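Have a look at the structure below, then the notes.
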Amino acid sequence: MAETEALDDESVSPRGPAVFTARIDQRRGTVRGWGRLDRRGADLLSGTVDTLRRRGHRHITVTLVRPGMAEPAAWQLLAGEVDRQAAQGVRLILR
């Protein structure tokens with residue numbers, strides 16, 4: 001299964017969804033996220049990255065469709081995740 005969670009049409013408004021939703025491509029090691037990313041969502045996203053690493057991915061890309069909707073605490077947690085994954089030999093790219 002390439003995607004574990006998908007957006008439904010009702011969750012997308014012109015300003016984006018209020019909650020964070022992610023589409024995960026386990027085959028490619030990519031995550032694409034929409035919506036307001038808070039610290040809790042960033043923590044869940046970090047867990048997703050860990051799962052992809054445990055499944056053998058050494059290059060993981062996380063794309064936030066509207067990065068301006070991420071709270072500063074979420075960015076801080078994700079920046080730490082980049083360092084933590086690098087210590088495991090994984091290149092994590094946030095965009």
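The model shown is predicted, which means the values in this text are computed figures rather than measured ones.
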Return the OG1 to CD1 distance between Thr30 and Ile93, rounded to the nearest 0.5 Å.
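Between atom OG1 of Thr30 and atom CD1 of Ile93 there are 11.5 Å.
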If I take atom CG from residue Leu45 and atom CZ from residue Phe20, how far apart are they, to the nearest 0.5 angstrom?
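The CZ atom of Phe20 is 5.0 Å from CG of Leu45, to the nearest 0.5 Å.
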What's the verdict on side chain to side chain contact (heavy atoms under 4.5 Å, CB included) for Val62 and Leu78, showing C-alpha distance, side-chain angles and the deciding distance?
CA-CA 10 Å; Val62 175; Leu78 292 175; 5.7 Å; no
Suppose we screen for salt bridge (Lys or Arg N to Asp or Glu O under 4.0 Å). Which residues come up paired with Arg84, at least two apart in sequence or across chains?
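Salt bridge (Lys or Arg N to Asp or Glu O under 4.0 Å) check on Arg84 returns Asp50, Glu81.
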For the hydrophobic clusters of this structure (ILVMFWY residues joined by side-chain heavy atoms under 4.5 Å, transitively), does one cluster hold both Leu37 and Leu94?
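Looking at the clustering, Leu94 is in the same group as Leu37.
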Using the rule that two of Ile, Leu, Val, Met, Phe, Trp, Tyr join whenever any of their side-chain heavy atoms come within less than 4.5 Å, decide whether Leu77 and Leu92 are in one cluster.
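Result: no, two separate clusters.
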Are any non-hydrogen side-chain atoms of [X] and [Y] less than 4.5 angstrom apart?
{"X": "Thr51", "Y": "Arg54", "result": "yes"}
{"X": "Leu52", "Y": "Val31", "result": "yes"}
{"X": "Asp25", "Y": "Arg32", "result": "no"}

Can you name the nearest heavy-atom pair linking [X] to [Y], along with the distance?
{"X": "Leu64", "Y": "Ala70", "value": "CD1-CB, 4.4 Å"}
{"X": "Ile60", "Y": "Arg53", "value": "CD1-N, 3.9 Å"}
{"X": "Glu71", "Y": "Arg39", "value": "OE1-N, 4.2 Å"}

Arg91, CZ atom: more than 12 neighbouring heavy atoms under 6.0 Å
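Incorrect, the count does not exceed 12.
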Verdict with reasoning, Arg23 to Trp34, per side chain to side chain contact (heavy atoms under 4.5 Å, CB included):
CA-CA 9 Å; Arg23 183 173 293 166; Trp34 294 262; 3.8 Å; yes
Test your reading of the model: is there a side-chain donor-acceptor pair from His57 to the backbone of Val90, 3.5 Å cut-off?
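No; zero donor-acceptor contacts below 3.5 Å.
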